[in-house]
Amino acid sequence: MKTKNKLYWDKELNPEQREIVSYTDGPILVLAGAGSGKTRVITYKIAYLILEKNILPERILTLTFTNKAANEMKERIASFKNLKCDNLWIGTFHSMSCRILRREAKFVGYKNTFNIYDENDQLKIIKEVMGRFGYSEKNILPKTIYRKIDYAKNHLVSPENYVVSDWDRYDNIVKSVYSEYEKFMKSHNAVDFNDLLIKPIEIFNTNPSILKKYQNKFKYILVDEFQDTNLAQYQLLKLISQKHNNICIVGDDDQSIYGWRGAEISNIMNFDKEFKGAKIFKLERNYRSTKNILGFAQSLVNNNKNRRDKNLWTPNEEGEKISLGSLTDEKGESNWIAQNIKKEIFKKKKRLGDFAVLYRTNAQSRVLEEGFYNESIPYTIVGGVRFYERKEIKDILAYLKVISNPDDDINLKRIINYPARGIGKTTISKIEEISKEKGVNLYQGIKLGIESKNLPDRSRENLKLFYYLIEKYRSIIRKISLNELVRTLIEEVGISTLLRKEGTEESLGRWENVQELLSSISDYSKQKNNGSIDGFLEKISLFSDLDVWDNKQDAVTFMTVHNAKGLEFSSVFITGLEEGLFPLYNYMNDEKEVEEERRLFYVGATRAIDKLYLSYVVKRMRFGEIKNTKCSRFLDEIDRRFIVNEIEPIKVRKRKLKNKINAKDERYRAGRSVAHEIFGIGRIIEIEGTGEFVKILVDFEAVGRKKLLVKYANLKFMD
DNA sequence: AGAAAGGTTGTTTTT
DNA sequence: CAACCTTTCT
């Protein structure tokens, strides 16, 4: 007998899933294969805990890999009847630890207004510290040091514990720079991504009462994508879950693809040893892909040695075989993809949003973009240059960061003379001198500089203006809305005039980005009922491109295979399957690393619902040089039964010939009605170009004006 | 002080 | 090939 409050799940979950949902107490490991409905299990489990076990939402902690996954989960839970989820903690590891750190910052000597530094900021500090030590950037790259520090922090190695190995001549430098880097961060009230995880661990280890508070609070802990947790995340989990020991982790060792970021596949491999008495469940039924796709993916990942045994199956139909395209170069590859997309849209009535084009490195997206642009196929790119990392955006954010946390020298230097206000290099280095002498931060150094006799009147006047500008905003920070503050700010400091007066296409684009920033601030204010600067800054620091990606958009999605984790598409293209690219050459020689590349390929392949395409090229431009390539070893490993080798480079050329028209082709005239596979019906406006470069401008009823290359447009005449 | 030009360098994947 | 840094020119 079910009451209104109870969970109706018979139709929604299979017996295995139901068993997992209702098994609530003690440690649980769910080994969930690709497409086996693990997110569904987690959401139902949360609902079950609240509705059936009467657990208060605020006592449940759920950790996901991306904000996007967290938001989707929240939405799904909100759709359950009678379920209040306002107080649920659902978020990424980083956002959760950041939340904890904001509250408890003082226990590690931080103020709760700390700023979060990204890789660029970190590099600036490393360069500065290197300069202090007199290390030249010529001999050792700041980026190399950055990577080593990052690696150390990922593995919870402090500067004191950093081991200088005798085979690495840079380790000495790394150790000393690392140590200074940490001091710098602390004295400027800044943290990096790793600190978000490390600092709470430090707090918990040194303040048992604080740890107890969180241990008591979170009676149930659920973790998604557990295979990609690193040492710090694992440590945090162990600390928080210790008391109640109700921890449910869900993951798939075959999808562990973040080893380079410190993820430890051993966390999932050894979970049942660390958490004694852990109950292990397996979800092996795949709901997503066709038999062909799943079989193909299995035949690939079976080549890995370090993995848990599993037996994925699907009741879905055989489906089409996997298409393998062998193309002459990346232009051909892009073209092959475009043609296949058009074909499928036409024949199978798919939408543009059903397609994803995946690649190993972001750099590959450029040629694909060009190709799709020429073909007039709408696309969106996820990743690459992140929105909040664009220069114009970071400039404005730097103002906000300084206003909120004036200890932040890095961001202060970024804006002190932007837009130009007559504070040049000489003045800045004078200020730095003063600051160092008095042992204060730059901001206070400026204040001292205003009074200093060693500076020319002109500079002192400019410094004064700048100082009081920031002071003014610091004093009104709580009096006016965030929205208003930012708008006045960019007017007052002259960023808006600066960007608009240039008038180039580039500056116009930048101005548009600023507008986008402003509207994202408006959104945030609305959502948070007038949120704070800190809140906004935190949100965007932890935001990824994927989080803003709109999967309902009518456009083909381009992204890295890493970004595709957890998503699904009707048709998926995996491109650039060449030795050195996929697997990437840094990872070609070590068998463990090749296994991770193979898992990455597996992740990409299992995103596809009913059609998978693979492609490689014979020649590829790299480093500005055209090089011959060798096709990926992975293509030799897989079971050929699943593959159809349908495309040869010649065939693409044939298509071109078939569609080629002459400039004289009189069928194309302004005014005629035409139909396009993707854009629908439209009217020809004008014709330009000759030979195979004939372009026509068509005004489509549904999507407006588009310029198309006749050669590829495949237009049908309607009159 | 700031822009323009020239040289050099390097490509992984991201919260 | 581009992004980035340094130098040089105005």
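In what follows, chains carry the letters A, B, and so on, assigned in the order in which the sequence lines appear, proteins first and then strands, with residues in each chain numbered from 1.
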Taking B/dT15, C/dC1, B/dT13 as options, the one with an atom nearest any side-chain atom of A/Met621 is C/dC1
Restricting to salt bridge (Lys or Arg N to Asp or Glu O under 4.0 Å), what partner residues turn up for A/Asp534, sequence neighbours left out?
none
hbond_proxy A/Tyr585 side chain to B/dT11 base (donor-acceptor, 3.5 Å cutoff):
no
Of B/dT13, C/dC1, B/dT14, the nucleotide closest to the side chain of A/Tyr587 is B/dT13
Could you give the CG-to-P distance, from A/Leu358 to B/dT13, as a whole number of Å?
14 Å
Report the residues that fulfil side chain to side chain contact (heavy atoms under 4.5 Å, CB included) with A/Lys430, sequence neighbours left out, ordered by chain and then residue number.
A/Leu455
Separation of atom NZ in A/Lys143 from atom C1' in B/dT11, rounded to whole Å
8 Å
Mapping A/Ile423 and A/His94 to their closest nucleotides on DNA chain B, which lands nearer the 5' end?
A/Ile423
Under 4.0 Å, counting only non-hydrogen atoms across every strand here, what does A/Asn417 touch: a base, just sugar-phosphate, or nothing?
sugar-phosphate
Rounded to whole Å, please give me the gap between CZ in A/Phe623 and C1' in C/dC1.
10 Å
Starting at OH of A/Tyr359 and ending at P of B/dT12, how long is that distance when rounded to a whole Å?
16 Å
Starting at CE of A/Met588 and ending at P of B/dT12, how long is that distance when rounded to a whole Å?
14 Å
Check the distance between B/dT15's C1' and A/Asn563's CG and give it to me in whole angstrom.
11 Å
Donor-acceptor pair between A/Asp408 and A/Tyr117 side chains, under 3.5 angstrom:
yes
Please report the distance, rounded to the nearest Å, between CG in A/Leu196 and C1' in B/dT15.
9 Å
What I want to check is whether an N or O donor and acceptor connect the side chain of A/Tyr258 with the base of B/dT14 at under 3.5 Å.
no
Measure across A/Ser541 and A/Phe193 and return the closest heavy-atom pair with its distance rounded to 0.1 Å.
O-CZ, 3.4 Å
According to the interplanar angle, ranging from 0 to 90°, do the rings of A/Phe634 and A/Phe601 count as parallel (below 30°), tilted (30 to 60°) or perpendicular (above 60°)?
tilted
Report the distance from atom CG of A/Asn67 to atom C1' of B/dT14, rounded to the nearest whole Å.
12 Å
Expected output is a numbered-order residue list: members of residues 361-371 of chain A with a heavy atom under 4.0 Å from any atom of DNA chain B. What is it?
A/Thr361, A/Asn362
Indicate, with a heavy-atom threshold strictly under 4.0 Å, whether A/Phe93 touches base, sugar-phosphate, or nothing.
nothing
A/Phe558 and A/Phe372: CA distance, side-chain angles, deciding distance, ring pair (Phe, Tyr, Trp, His ring centres under 6.0 Å) verdict
CA-CA 11 Å; A/Phe558 291 177; A/Phe372 274 57; 4.9 Å; yes
Indicate whether OP1 or OP2 belonging to B/dT12 is found under 4.0 Å from a side-chain N or O atom of A/Thr560.
no
Minimum-distance nucleotide (side-chain atoms of A/Leu584 versus B/dT12, B/dG10, B/dT14):
B/dT12
Given B/dT12, is OP1 or OP2 found less than 4.0 Å from the side-chain N or O atoms of A/Arg147?
yes
Go through the side-chain N and O atoms of A/Glu264 and A/Tyr234 and say whether any donor and acceptor fall under 3.5 Å apart.
no
